[in-house]
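Just follow the structure's listing: the first ligand is 1, and inside any ligand the first atom is 1.
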Amino acid sequence: MSISAPGTPYGTLPAASMPAARKPVSLPRLAEMRARGEKITMLTAYDATFAAVADAAGVECLLVGDSLGMVCQGLSSTVGVSLENMAYHMESVSRGLRRSQGTAWLLADLPFGTYHESKEQALRNAAVLMRAGAHMVKLEGGGWTTETVHFLVERGIPVCAHLGLTPQTVHSLGGYRVQGKSDSSAQILREQAIELEQAGASLLVLEMVPADLSAEITNTLKTCHTIGIGAGNGTAGQVLVLHDMLGVNLGKNAKFVRNFMQGQESVQAAFEAYVKAVKEGSFPDNTIHAW
Ligand code: KIV
């Protein structure tokens, strides 16, 4: 399996293949994409090389997710990931993009316990991730997070919210389960999404939410663009965990994941297939996970 063309004994980052005209991805650019109906693509990234290759394949957003606890560190949940872990991986990804003259929009997860005490704690820790190279921080949950989102956005830190299955609360949720199936839980998600948009969140990850509900939330929100994972194809964009979509992981892939490595000769080709499938609407397939 080739990752990139070797140039030194350690390989090169794929800057040479980058078209010169690519402009950095920004929030206004993501809003323009949404306005013209172009789907936004996001993948998780944890190191310099994969980040550079995903960027060269045209993935617009790279998320240094706290899923790194599970796929890089072998933990059984994201709860054990520290701020220092996040900053280390964020710096690696950011360096990879700098060296390859990449253009992707970079997000980093605020890990469990780093924004729960107060909005001041969230600001302090978000600043660590921004200094490590993030353009935006992501935090999980609705209701109690709204004030924090507003506080960060007012101070110049773009925020991606995350509703539905929020992995940091897996122990309270009783497992990795679909959220928003009952009328009352769907209504809570609708209300929290609107509050988060009003608080200034520019992106909203919807994880394991019924496809019709996530499409409805997407259409209600105007300045906050939804990014789905296991949430059907009615969202403004899609995200997958890197290892899952390459078919390499320690457990079983969730039903909604597609192995994009199948039939491809390189990791970059797998990323390109993902971008194409999301943009043309063939991934995800609503019939496979109509929760
Ligand atoms: O940590 C992560 O990788 C995430 C994605 C699943 C959205 O939050």
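- When each atom of ligand 1 is checked for a heavy atom of Asp109 under 4.0 Å away, the hits are 1 (O), 2 (C), 8 (O).
- Every atom of ligand 1 is numbered from 1 in the order shown, and the set under 4.0 Å from a heavy atom of Ile229 is 6 (C).
- Between Glu60 and Lys279 there is a salt bridge, since at least one side-chain N of the basic residue sits less than 4.0 Å from a carboxylate O of the acidic one.
- At a heavy-atom distance under 4.0 Å, atoms from both the backbone and the side chain of Asp66 approach ligand 1.
- The aromatic rings of Tyr115 and Trp144 sit parallel, their planes meeting at an angle under 30°, below the 60° perpendicular limit.
- Not one N or O of Glu207 is nearer than 3.5 Å to an N or O of ligand 1, by distance alone.
- Using a 4.0 Å cut-off between heavy atoms, Leu68 makes no contact with ligand 1 at all.
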May I have the step-by-step check of side chain to side chain contact (heavy atoms under 4.5 Å, CB included) for Leu204 and Ile217, ending in yes or no?
CA-CA 10 Å; Leu204 168 63; Ile217 292 174; 4.3 Å; yes
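- A salt bridge is defined here as a Lys NZ or Arg NE, NH1 or NH2 lying under 4.0 Å from an Asp or Glu carboxylate O, and Arg22 with Asp55 meets this definition.
- Near Lys138, the atoms of ligand 1 lying under 4.0 angstrom from a non-hydrogen atom of the residue are 4 (C), 8 (O).
- Nearest to atom 5 (C) of ligand 1 among the protein's heavy atoms is Leu63 CD2, 3.8 Å.
- One option in Gly69, Pro167, Cys160, Ser67 has a heavy atom closer to atom 2 (C) of ligand 1 than any other, and that option is Ser67.
- In this model, no donor atom of one side chain and acceptor atom of the other lie less than 3.5 Å apart for Ser266 and Gln268.
- Neither the backbone nor the side chain of Ile227 comes within contact range of ligand 1; no heavy atom lies under 4.0 Å.
- For the ligand labelled ligand 1, residue Glu140 lies outside the 4.0 Å heavy-atom shell.
- Between the side chains of Glu197 and Thr223, a donor-acceptor pair is found at a separation under 3.5 Å.
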Would Phe50 and His243 count as a ring-ring contact (aromatic ring centres under 6.0 Å, His included) here? Give the steps.
CA-CA 11 Å; Phe50 277 93; His243 295 60; 7.2 Å; no
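- Between Leu163 and the choices Val205, Leu196, Ile188, the side chain to side chain contact (heavy atoms under 4.5 Å, CB included) rule is met once, by Leu196.
- The ligand atoms of ligand 1 that sit less than 4.0 angstrom from a heavy atom of His162 are 8 (O).
- Contact atoms of ligand 1 toward Thr44: 3 (O) (distance under 4.0 Å to a heavy atom of the residue).
- No hydrogens or angles considered: nothing links the side chains of Gln121 and Arg124 as a donor-acceptor pair under 3.5 Å.
- Near Gly65, meaning under 4.0 Å from one of its heavy atoms, ligand 1 places the atoms 1 (O), 2 (C), 3 (O).
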